Protein chains: 2
Amino acid sequence: MPTLTSAGIEPLFRLLGRYMMLDESDRRALSTLETGPVCHAEARTDIAREGENPTVIRLLISGWACRYKDLPDGRRQIVGFFLPGDFCDLNIYILSELDHSIGALTAVRYFEIQPQQFQEVVDQRPHLLRALLWHEMVSAGIQREWLLSIGQRSPLERLAHLFVELYYRLKAVGLATGLSFDLPITQNHLAEANGLSLVHLNRTLQEMRREGLIELSDRQLRIGDLERLKRVAMFNNNYLHFNR
Amino acid sequence: MPTLTSAGIEPLFRLLGRYMMLDESDRRALSTLETGPVCHAEARTDIAREGENPTVIRLLISGWACRYKDLPDGRRQIVGFFLPGDFCDLNIYILSELDHSIGALTAVRYFEIQPQQFQEVVDQRPHLLRALLWHEMVSAGIQREWLLSIGQRSPLERLAHLFVELYYRLKAVGLATGLSFDLPITQNHLAEANGLSLVHLNRTLQEMRREGLIELSDRQLRIGDLERLKRVAMFNNNYLHFNR
DNA sequence: TCAGGTGATTCACCAAGGTTAGTGTCGCAG
DNA sequence: CTGCGACACTAACCTTGGTGAATCACCTGA
């Protein structure tokens, strides 16, 4: 267990710091968000369901969660991953009803932050509000990139792209060591995120292993050659907007 | 030519009015955005390219445009349609570089609004800022729904869903009459938006016609039976957040 | 220790959808 | 009138990726 997964506000601080300079006082301001209760959810349970009217903002501390949408007949599409440091529901000020569900993929821990408390923090520091909006805009950019992936990239390119993206996002919150990172989700989750059947996802993983693009076992993913993987994925990191 | 396509701010006003009550003074405030130059773009030209750093906010008056992303080898995915009344770049306050391109699908007219001018309007009326943020959040919701469509819906369901969505969005800006609306884009555009080959898109359209779901000719789309089309598409309008 | 649940993997089969190539129509510029 | 470009549509072919079913390796709780 990497100690950083239990680091509270630390991943968020790193994440935002990747975009703009933050100082000690920013860190203290963010830390006041930690005063809410720490919540837990088991793997394979819902944190929020489509149609609900959320009243709290959730900040993921450890574990992986996802946004997903499902159809009446059971088909399900994961439309985004939440990694430690990510906010789930920054938009509760604007929209009343969730148009998607949020599910825990692994056991997760998260803070529940009251809108009022949140308001106090960002009112005092427009600086931080800006950083948080940036976080939301990046999420939208990721959505667009996923649409490009599912619509145009082949399954192999698509998976390669996802792995590179996860690598950069995890690195940004201190959860990648070298070219390896923890991939605590199942192949079924990867299939649901990529619009592939489980069988074909597995085939594609085997192919990536054969090609030496990745090693994957015991929930650890190791990237063989990052530049080659990026080339295969046609990866352009501009959509992550990691510029200061 | 429907007169409404030359209605300036009117489509936007209708759009936002669908979400919250707006009065005459709101209309006047929005009208000041019209003072900028009216720009034109030909069909099949780019309005903005990925990588650029936009400095104006664009408000579409007439014609259809799209957000798209492309890959180095030429594959292209349309990730969203802009209809009259839509804003293209509300996020220029946050992100410096475009991670996608904006292209005119038909001949279009749009206002270019200076950020400063925009700022003045919303500073005076937080009410309107809220409405505009709602517009952005709905765009994000549409993105997620498209991801569900491309990932899980069959081509026929996907197209059915898109047509219902376009119907509701066009109705919201007064551009649908009865169950018909102008669909001024090519089948190639529809294919690029749905992650399908042109050939298969055409096959699917034929099937929809055979089933009596739609009539389509001369760039006019008529929905045969809206409820049936929604059922086929498994359409749930919650993601458009048309609630006051 | 054993049963049941979860997850990874593989096989055989086949349908959905992509590719290539072609036809026909319309509108327009020369 | 002619040639060209954009667009809609179709046919033949074949690859990609989905389906259904089975096996195996773990892990956990009774």
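So you know, we letter chains A, B, ... as the sequences are listed, proteins then strands, and number each from 1. Here the structure is a predicted model, which is why all the values come from computation and not from measurement.
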(request) Between H189(B) and V199(B), name the one whose nearest nucleotide on DNA chain D is closer to the 5' end. (result) H189(B)
(request) Take the protein atom NE2 of H200(B) and the nucleotide atom P of dC9(D), then report the distance between them rounded to whole Å. (result) 15 Å
(message) Is the distance from the ring center of Y168(B) to that of F235(B) below 6.0 Å?
(response) yes
(message) Taking atom types as they are modelled, would you say the side chain of R203(A) forms a donor-acceptor pair with the base of dG18(D) within the 3.5 Å cutoff?
(response) yes
(request) For R222(A), look at atom CZ and say whether over 12 heavy atoms of other residues, nucleotides or ligands are found less than 6.0 Å away. (result) no
(message) In the structure I gave you, are the side-chain heavy atoms of L162(B) and N194(B) within less than 4.5 Å of one another anywhere?
(response) yes
(request) Using atom CG of N202(B) as one end and atom P of dA21(C) as the other, report the distance to the nearest whole Å. (result) 19 Å
(request) Could you check how far CG of N188(A) sits from P of dG5(C), rounded to whole Å? (result) 17 Å
(request) Using a cut-off of strictly less than 4.0 Å, decide whether R158(A) has a side-chain nitrogen or oxygen near OP1 or OP2 of dG17(D). (result) no
(request) Step through it carefully: locate the ring centre of H161(A), locate the ring centre of Y239(A), and say whether they are under 6.0 Å apart. (result) yes
(request) Output the distance between atom CD (Q143(B)) and atom CG (L147(A)), rounded to the nearest 0.5 Å. (result) 6.0 Å
(message) OP1 or OP2 of dA8(D) versus the side-chain N and O atoms of R219(B): is any pair under 4.0 Å?
(response) yes
(request) Could you state the atom-to-atom distance from CG of D218(A) to P of dT6(C) in whole Å? (result) 20 Å
(message) Base of dG5(D), side chain of R44(B) - is there a donor-acceptor contact under 3.5 Å?
(response) no
(request) Write down the distance between CG (L201(B)) and P (dT19(C)), rounded to a whole number of angstrom. (result) 14 Å
(message) Nearest whole Å is fine: how far is dA22(D) P from L198(A) CG?
(response) 17 Å
(message) Between Q206(B) and T186(B), which residue's closest nucleotide on DNA chain D lies nearer the 5′ terminus?
(response) T186(B)
(request) Starting at atom CG of L205(A), determine the distance to atom P of dA8(C), rounded to an integer number of angstrom. (result) 9 Å
(request) Could you tell me the separation between the CG atom of L216(B) and the P atom of dA8(D), rounded to a whole number of Å? (result) 8 Å
(request) Give a yes/no answer on whether the side chain of R153(B) brings an N or O atom under 4.0 Å of OP1 or OP2 in dA16(C). (result) no
